[in-house]
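Written below as structure tokens is the structure these notes are about.
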Protein chains: 2
Amino acid sequence: MSGEQGDAALDAAPNAAADGAGAAADTPAPRTTYRHGDLRGALLAAGIEMARRGGPDAVVLREATRQAGVTPNAAYRHFADRQALLRAVSDAAQGLAADAMEAEVARAAAASGVNTADAARRMLRAVGTGYLAFARDEPGLFRAAFSVPDHLANSMDAAKAGTAGRTPFQILSAALDAWAAAGILPPARRANAELYAWSAVHGLGMLVIDGPLRGLSAELVDGATVRVLDMVERGL
Amino acid sequence: MSGEQGDAALDAAPNAAADGAGAAADTPAPRTTYRHGDLRGALLAAGIEMARRGGPDAVVLREATRQAGVTPNAAYRHFADRQALLRAVSDAAQGLAADAMEAEVARAAAASGVNTADAARRMLRAVGTGYLAFARDEPGLFRAAFSVPDHLANSMDAAKAGTAGRTPFQILSAALDAWAAAGILPPARRANAELYAWSAVHGLGMLVIDGPLRGLSAELVDGATVRVLDMVERGL
DNA sequence: CGACGTAAGTGTACGATGTCAACAATCACA
DNA sequence: TGTGATTGTTGACATCGTACACTTACGTCG
């Protein structure tokens with residue numbers, strides 16, 4: 001596949017002074033001021049966009065600076081190297097995953113019944129469902145989110161948090177705490193349960209988006225999602 | 001870290017036998033004949049070696065040709081492009097994963113008791129254990145194995161088979177068939193069970209080698225492996 | 001047995017990328 | 001007002017993937 005996308009993209013659109021934090025944009029926008037205003041943010045935004053379509057490998061430093069309307073080397077004032085940019089993109093992607101999960105959890109909570117055990121189960125399923133929904137809706141970002149070597153110790157880093165302030169790991173942890181509180185997860189099994197539940201769901205996500213399970217019909221994937229969640233629920 | 005498996009498939013260009021210092025892959029080894037003898041094989045071997053340390057991104061076409069002692073463009077007589085080389089490396093890596101799994105399965109079979117249900121369970125655990133052992137021993141190859149988009153339909157492609165002739169998917173399938181035969185997996189749940197078991201184990205592998213679970217102590221990973229397998233066993 | 005078609009390698013070249021070193025424009029504060 | 005620290009810019013490499021054109025020598029066949 002020689003998919004060259006538009007290489008052009010340098011033209012006008014005099015977008016005046018650097019407006020703040022916004023998420024802006026892929027317009028090259030020749031800037032008038034010497035300072036960019038928020039180069040770091042712009043590079044990150046460009047990086048996220050590139051990761052969204054094309055995954056981690058598509059995150060190219062020079063292109064990011066191009067989109068930001070800046071010289072390639074300007075990036076080095078804000079990121080040590082491409083890897084650092086990618087790490088930032090990865091963190092942001094995890095934040096977006098967290099948002100997807102929170103959304104699903106919120107929906108589940110709304111439909112919650114009185115039984116705390118059922119509610120806990122529903123919440124955990126929602127966590128998994130949200131995670132996988134994100135993987136399917138944003139495969140590029142999902143892959144980017146986990147393409148950078150990381151450590152468990154950073155799993156609660158604020159940079160990985162969604163708008164609600166929780167990281168994916170923390171969301172999952174909370175759901176498992178609810179299980180424990182509801183008495184449906186024996187204390188002996190609570191330790192590190194995050195890892196096991198996470199593994200199952202993460203694995204399905206990976207297999208579905210670039211692995212051998214890719215290209216399966218949506219129904220099949222839906223079914224697999226349910227079955228994997230069943231497995232977790234029974235097996236935790 | 002178990003040592004290098006036989007890196008068999010490599011060296012042995014029928015001609016190269018000229019100078020001393022044997023068939024190491026990284027010696028430029030000035031070839032005397034115009035024809036290389038087995039360029040494709042040499043490139044593949046070099047690619048595998050590069051993937052072994054460094055994962056898929058470390059597979060660079062030019063370097064492979066360098067190690068094979070040919071011009072960069074010579075590679076294009078055997079691979080359409082870098083992606084094609086990577087795909088070949090990926091297939092080979094899956095074959096090596098299959099070998100690791102077969103080894104574990106064989107060990108489990110040796111210790112097999114009379115009870116077929118227990119034997120079946122042991123076999124499935126062995127499959128998972130072997131898969132994860134490969135991920136841990138050869139993280140680069142493991143990542144390379146699944147870095148190339150693929151489809152379920154190819155999961156039984158002979159190119160992905162180990163020396164025993166079975167692909168990882170086929171090994172897993174056989175173990176699940178044994179479950180069904182032993183009556184410990186209700187027929188209604190047999191369909192696509194590969195996907196669910198695979199997901200759990202694959203996810204753990206990914207999380208452990210480049211994901212957030214990386215750097216955990218060996219004991220912790222061992223423990224997680226057992227727990228994930230428990231989960232699968234209970235939850236399938 | 002010698003000519004020859006053709007597969008397998010070579011040479012050269014182009015555009016792109018990540019990154020370094022030196023330099024210039026601007027802001028921030030004394 | 002001036003002076004130092006930030007932030008971008010210029011220019012230059014080394015490396016990569018790959019296209020086009022050419023050359024070499026192996027295998028086949030008249």
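Below, all heavy atoms of this structure are taken into account, side chains as well, without hydrogens, waters or symmetry copies. Given the structure is predicted, the values throughout are model-derived calculations rather than measurements. Labels below follow one simple rule: chain letters A, B, ... track the order of the sequence lines, proteins then strands, and each chain is numbered from 1.
Spacing between atom OH of B/Y76 and atom P of C/dG11 amounts to 17 Å, rounded to whole angstrom units. The nearest whole Å value for the distance from the NE2 atom in B/H78 to the C1' atom in C/dT10 is 13 Å. When the C1' atom of C/dA16 is taken as reference, atom CZ of B/R82 falls 15 Å away, rounded to whole Å. Rounding to whole angstrom units, CZ of residue A/R77 and P of C/dA22 are separated by 13 Å. Residue B/R62 contributes atom CZ, which lies 17 Å from atom P of C/dG9 at whole-angstrom precision. For the pair B/D38 CG and C/dG9 C1', the computed distance is 15 Å after rounding to whole Å. To the nearest angstrom, C1' of C/dA13 lies 10 Å from CG of B/N73.
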Original post:
Under the side chain to side chain donor-acceptor pair (under 3.5 Å) criterion, do B/E194 and B/S173 qualify, and how do the steps go?
Top reply: CA-CA 6 Å; B/E194 287 88 351; B/S173 272; 2.6 Å; yes
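A salt bridge does not link B/R52 with B/D137: none of the charged nitrogens is closer than 4.0 Å to a carboxylate oxygen.
Judged as a side-chain contact (heavy atoms from CB on, under 4.5 Å), and not counting sequence neighbours, the contacts of B/L43 are B/L39, B/A64, B/T65, B/A68, B/A75, B/F79. Under the side-chain contact (heavy atoms from CB on, under 4.5 Å) criterion, B/A93 pairs with B/L141, B/A145, not counting sequence neighbours.
Sequence neighbours left out, the pairs with a member in residues 196-219 of chain B that pass side-chain hydrogen bond (donor to acceptor under 3.5 Å, both in side chains) are B/Y131-B/W198, B/Y131-B/H202, B/R143-B/D210, B/S217-B/E219. Identified under the side-chain hydrogen bond (donor to acceptor under 3.5 Å, both in side chains) test for residues 75-100 of chain A, with sequence neighbours left out: A/D91-A/K160, A/D99-A/T163.
For DNA chain D, the contact window with chain B, defined by any atom under 4.0 Å from a protein heavy atom, covers D/dC16 to D/dC26 in 5' to 3' order.
Residues B/L207 and B/P212 are in side-chain contact: their nearest non-hydrogen atoms beyond the backbone lie under 4.5 Å apart. Between A/V201 and A/L229 the shortest side-chain heavy-atom distance falls below 4.5 Å.
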Between the protein and nucleotides 25-30 of chain C, list the N/O to N/O atom pairs that are separated by less than 3.5 angstrom.
residue: C/dT26; atom: O2; partner: A/R35; partner atom: NH1; Å: 3.1

